[in-house]
Structure formats: structure tokens, C-alpha cells
Amino acid sequence: LPIMVIAGLLVRLTSRGPAIYVQDRLGRHGKPFRIYKIRTMIDNCESLTGPRWAMPGDPRITPIGSILRATHIDELPQLWNVIRGDMSLIGPRPERPEIVESLRADLPNYDDRLAVRPGITGLAQVQLPPDSSVSTAADKLVLDRAYIQRLGPWLDLRLLVCTALKFL
């Protein structure tokens, strides 16, 4: 909590807009929920671009936001989503409804990843960089489906350890 408060204050002091960013995502069985993150981009940035993935060197990311993203501190408010039951610690990352709709058309079996509760981290996040295209989403889909097929506490524990090591 102290880390989130400090990060939120830094966001508020260095850019206009709220410190916490709320966005609709699709959870288990495609049920929509609201995800919470510390804002890392300029306020209301998608009014200029429409919904899209962040890209390396994305000009919408604030200077403080780049640090928060690199350290993954911006993801800490998602612990509230875990407490609420919208998310799990481990699982496929939840995606936005607008993006899911287009990915369904391009990637057969994309909805397979909606069979489980989404997570803050997962097999795809440990092994691959963030999505930036349909091709990277396809790579993650393979790993998300593999995770779902081998689902269990031992795999979750290993992924938590791998996430901690990647974080460090």
C-alpha cells in the first residue's frame, strides 16, 4: 500500500488526471469487469488514438509511467481485483473487449483463454514481452492454452517464483 500511495502521488504531481486508471476487461467466461492500474499514460490518451496496445517508445507513456511500467508497480492495484474475485494471481492476462473482438476473428480458439480466471501474471507474461500485434497475441495464446491444460498449484507456484525472479 505505501508503494501504491507514493506511485499515485508521483503520477498526480507530474501529470494531469487521476492516479488510478480504470478499464473494462473480460474475465472468466467473458464476463466483463473493471481492472485497476496506476495510470502510466497521459490522461484520456485513447481519445487521440482509439483502443490500441502500447508500443515500445509509445509517446502516450509519461516519464513516471515508464518507470512504473518497467518495475510493474502500475499493476499493484490489481491485487484489489484478486481480492474481489475478478482475477487470480496467475492466469492469462485479461484483455479489453474491443481487442478481444478483433482477436477472435484473427485467432481461432482465442476464447479458450477465457475458461479460467485471468491473472496478474502468467506463463505468457513470464516468457514473452507485452502484446503489440496479432502475431504476439497468437504467441501468447499458445502459452495461455498450455497453462490452462496443465493448470495446478505446482505450476502456479513455479510461475510466482519466475515472476519474482523476472521482477528482480
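Positions are given from 1 along the sequence.
- Here the closest non-hydrogen pair linking L26 and P118 is O-CG, 4.4 Å.
- Between the side chain of D58 and the main chain of R60, a donor-acceptor pair closer than 3.5 Å is present.
- In this structure, CZ in F33 is found 9.5 Å from CZ in R84, a value given to the nearest 0.5 Å.
- Not a single salt bridge (charged side-chain N to carboxylate O under 4.0 Å, His left out) links D43 to another residue, sequence neighbours left out.
- Between Y21 and Q23, some side-chain heavy-atom pair lies under the 4.5 Å cut-off.
- One finds a salt bridge joining R34 and D24 here, because a Lys/Arg side-chain nitrogen approaches an Asp/Glu carboxylate oxygen to under 4.0 Å.
- Partners of D112 according to the salt bridge (charged side-chain N to carboxylate O under 4.0 Å, His left out) rule, which considers only residues two or more places apart in sequence or in another chain, are R145.
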Test R96 against E101 for salt bridge (Lys or Arg N to Asp or Glu O under 4.0 Å), laying out the working first.
CA-CA 9 Å; R96 298 167 58 185; E101 192 149 326; over 6 Å; no
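- For the pair S88/V82, no side-chain contact is recorded, criterion being any heavy-atom separation below 4.5 Å from C-beta on.
- Scanning both residues, L107 and A138, for their nearest heavy atoms gives CD2-CB, 3.6 Å.
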Test E75 against R93 for salt bridge (Lys or Arg N to Asp or Glu O under 4.0 Å), laying out the working first.
CA-CA 11 Å; E75 308 285 352; R93 285 293 296 163; 3.3 Å; yes
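- R39 meets the salt bridge (charged side-chain N to carboxylate O under 4.0 Å, His left out) test with no other residue; sequence neighbours excluded.
- A salt bridge is absent between R104 and E95; no separation between the charged side-chain nitrogens and carboxylate oxygens falls under 4.0 Å.
- Summarising the local packing, CD of E98 is surrounded by more than 12 heavy atoms from other residues, nucleotides or ligands at distances under 6.0 Å.
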Side-chain donor-acceptor pairs under 3.5 Å in residues 152-164, sequence neighbours left out?
unit_1	atom_1	unit_2	atom_2	d
D156	OD1	Y147	OH	2.7
T163	OG1	T121	OG1	2.9
T163	OG1	L159	O	2.8

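- Of all non-hydrogen atoms in G85 and R117, the two that sit nearest each other are O-NE, 3.1 Å.
- D74 contributes no side-chain N or O that, together with a main-chain N or O of G65, makes up a donor-acceptor pair within less than 3.5 Å.
- Within the 4.5 Å cutoff, the side chain of L128 has no heavy atoms near those of the T136 side chain.
- Annotation: K166, atom NZ; neighbour count of heavy atoms from other residues, nucleotides and ligands within 6.0 Å is above 12.
- Counting only residues at least two apart or on different chains, the side-chain hydrogen bond (donor to acceptor under 3.5 Å, both in side chains) pairs with a member in residues 61-70 are T40-R69.
- Every residue was checked against the salt bridge (charged side-chain N to carboxylate O under 4.0 Å, His left out) condition with R12, not counting sequence neighbours, and none meets it.
- Considering all non-hydrogen atoms of both residues, I35 and P94 come closest at CD1-CG, 3.9 Å.
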Test side-chain contact (heavy atoms from CB on, under 4.5 Å) on L103 and V134 and set out the steps.
CA-CA 7 Å; L103 290 174; V134 172; 4.1 Å; yes
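- At a threshold of 4.5 Å between non-hydrogen side-chain atoms, the residues I120 and L79 count as touching.
- Residues R113 and I148 share a closest heavy-atom pair of CA-CD1, 3.6 Å.
- Counting only N and O atoms by type, the side chains of R25 and Q78 include no donor and acceptor under 3.5 Å apart.
- The heavy-atom pair separating P92 from V116 by the smallest distance is CD-CG2, 3.5 Å.
- Judged by distance alone, with hydrogens and angles left aside, the side-chain atoms of Q125 form a donor-acceptor pair with the main-chain N or O of G122 at under 3.5 Å.
- Linking ILVMFWY side-chain heavy atoms closer than 4.5 Å, directly or via other members, places L1 and I20 in a single hydrophobic cluster.
- Side-chain atoms of L123 and D144, non-hydrogen and from C-beta on, never get closer than 4.5 Å to each other.
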Before giving the answer on side-chain contact (heavy atoms from CB on, under 4.5 Å), spell out for L114 and R28 the whole-Å C-alpha distance, their side-chain angles and the decisive distance to 0.1 Å.
CA-CA 5 Å; L114 299 175; R28 187 174 187 198; over 6 Å; no
